[in-house]
Amino acid sequence: MILTRPIDAAQAFLAGLEPAVQSRLLPVFSPLIDIVPIPAAVEMDATDAAVFTSANGVRHAPAGNGRVAYCVGPATTEAAHSHGWDAQQVGTDAQSLVASLTRMAPQAPLHHLAGAHRRGHIVEHLSSAGLNITGIVVYDQRLVALSDAARDVIRRENKVIVPLFSPRTAQQFANTAPRATSIHVVAISAAVAEGMTAVAQDRVFVARAPNASAMGDAIAELL
């Protein structure tokens, strides 16, 4: 299995798989994204709230000091809680987070602390809904080519499972991976699966839900 997330996230995902699944996999780490912190002057009052759509956003944000954080998914929520935020999960993806916050209509100023490359237009949608929200970039996601070790594994023509978690990473994989029938893509969403037929043809599988647990289930089924 080729793991293309940044190394910390890739190791955490691997560790979260069922032991019976782990025992059948030979992991090859080849991050396609390099997370680079961007020093940002994050000015938040004690009554302001954060919006987090990734654990990297939490990692490069200030400590929560008990302030409220609205989060996507359990992993990001747990990361925010561990960094001192009064964290609550309000969605499993950008669309459901926007719907939840629009319905909740919090009155406190919101700050979306995120990467330079974002999907979902969260700030724009919530601003249009009348919420007071600003976007603050706290890290960049720089693209990295697939490693020589990962390329060699693909060329051996044995089955290679490649979990992909974002459209940008998926496109980078398609741009830098050799063409081979060994590739079996497991995508976290239909958006991530788009364009993967060029590299994996009909060997593209979409998880039933946009989370790590469903990705693990998809990998187990594929095995």
Side-chain angles (χ1 to χ4, degrees), residues 1-6 8-33 51-58 70-81 87-103 114-115 117-122 125 141 154 159-174 177 181-223:
M1 180 169 68
I2 296 175
L3 294 156
T4 62
R5 303 182 89 184
D8 289 346
Q11 289 174 335
F13 174 69
L14 181 63
L17 297 176
E18 294 292 334
V21 173
Q22 290 188 45
S23 67
R24 298 182 61 187
L25 297 170
L26 178 62
V28 176
F29 295 94
S30 179
L32 296 179
I33 295 287
V51 174
F52 291 121
T53 48
S54 74
N56 282 315
V58 177
Y70 302 107
C71 306
V72 166
T76 301
T77 305
E78 177 57 31
H81 178 75
Q88 53 183 292
Q89 180 178 333
V90 294
T92 57
D93 55 20
Q95 183 177 4
S96 58
L97 176 136
V98 167
S100 295
L101 286 179
T102 299
R103 183 174 59 255
H117 301 274
R118 303 180 298 278
R119 287 176 57 84
H121 305 290
I122 289 171
H125 287 311
Q141 310 101 306
I154 291 172
K159 179 187 284 189
V160 179
I161 297 174
V162 185
L164 294 172
F165 291 82
S166 75
R168 192 162 176 260
T169 301
Q171 188 58 58
Q172 179 70 348
F173 179 78
T181 58
S182 59
I183 297 172
H184 293 67
V185 166
V186 176
I188 198 169
S189 68
V192 173
E194 288 180 10
M196 287 298 98
T197 53
V199 68
Q201 299 179 16
D202 60 347
R203 301 175 300 278
V204 180
F205 308 88
V206 180
R208 293 190 178 93
N211 56 53
S213 178
M215 288 288 281
D217 292 342
I219 291 170
E221 291 174 12
L222 182 54
L223 287 173

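Numbers for residues simply follow the sequence, beginning at 1. All values derive from a computational prediction rather than experimental measurement.
Rounding to the nearest 0.5 Å gives a distance of 5.0 Å between CD of Q22 and CG of L14. Here the straight-line distance linking atom CG of L164 with atom CD of Q172 works out to 11.5 Å at 0.5 Å rounding. A distance of 11.0 Å separates CD1 of I122 from CD of Q95, quoted to the nearest 0.5 Å. To the nearest 0.5 Å, atoms CG (L26) and CD1 (I161) are separated by 11.5 Å.
Smallest separation of non-hydrogen atoms from S30 and I2: CB-CG2, 4.2 Å. Closest of all the heavy-atom pairs between V160 and I154 is CG2-CA, 4.2 Å. Considering every non-hydrogen atom in both M1 and L25, the closest pair reads CE-CD1, 3.6 Å. Shortest non-hydrogen contact noted between F13 and P163 is CE2-CG, 4.1 Å. The minimum heavy-atom distance between R168 and I33, with the atom names listed, is NH1-CD1, 3.5 Å. Of all the heavy atoms in T77 and C71, the pair that sits closest is OG1-CB, 3.3 Å.
Qualifying side chain to side chain contact (heavy atoms under 4.5 Å, CB included) partners for S54, counting only residues two or more places apart in sequence or in other chains: N56, Y139.
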Using distance only, find each side-chain donor-acceptor pair of residues 206-223 under 3.5 Å and give its atom names and separation, not counting sequence neighbours.
{"residue": "R208", "atom": "NH1", "partner": "E221", "partner atom": "OE2", "Å": "2.5"}
{"residue": "R208", "atom": "NH2", "partner": "E221", "partner atom": "OE2", "Å": "3.3"}
{"residue": "N211", "atom": "OD1", "partner": "S213", "partner atom": "N", "Å": "3.2"}
{"residue": "N211", "atom": "OD1", "partner": "A214", "partner atom": "N", "Å": "2.8"}

Under 3.5 Å, which donor-acceptor pairs do the side chains of residues 184-196 form with other protein atoms, sequence neighbours left out?
{"residue": "H184", "atom": "ND1", "partner": "S182", "partner atom": "O", "Å": "2.9"}
{"residue": "S189", "atom": "OG", "partner": "A191", "partner atom": "N", "Å": "3.4"}
{"residue": "S189", "atom": "OG", "partner": "V192", "partner atom": "N", "Å": "3.3"}

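A donor-acceptor pair under 3.5 Å is absent between the side-chain atoms of S100 and the main chain of L97, judged by distance alone. Checking side-chain atoms of T76 against main-chain N and O of V72 turns up a donor-acceptor pair under 3.5 Å.
Crowding of Q88 atom CD: a count of heavy atoms from other residues, nucleotides or ligands under 6.0 Å exceeding 12. Summarising the local packing, CD of Q11 is surrounded by more than 12 heavy atoms from other residues, nucleotides or ligands at distances under 6.0 Å. The environment of NE2 in H117 is crowded: more than 12 heavy-atom neighbours from other residues, nucleotides or ligands sit within 6.0 Å.
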Intermediate values then yes/no, side chain to side chain contact (heavy atoms under 4.5 Å, CB included), V98 and H121: CA-CA 9 Å; V98 167; H121 305 290; over 6 Å; no
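T169 is not listed as a side-chain neighbour of Q141, based on a closest heavy-atom distance of 4.5 Å or more.
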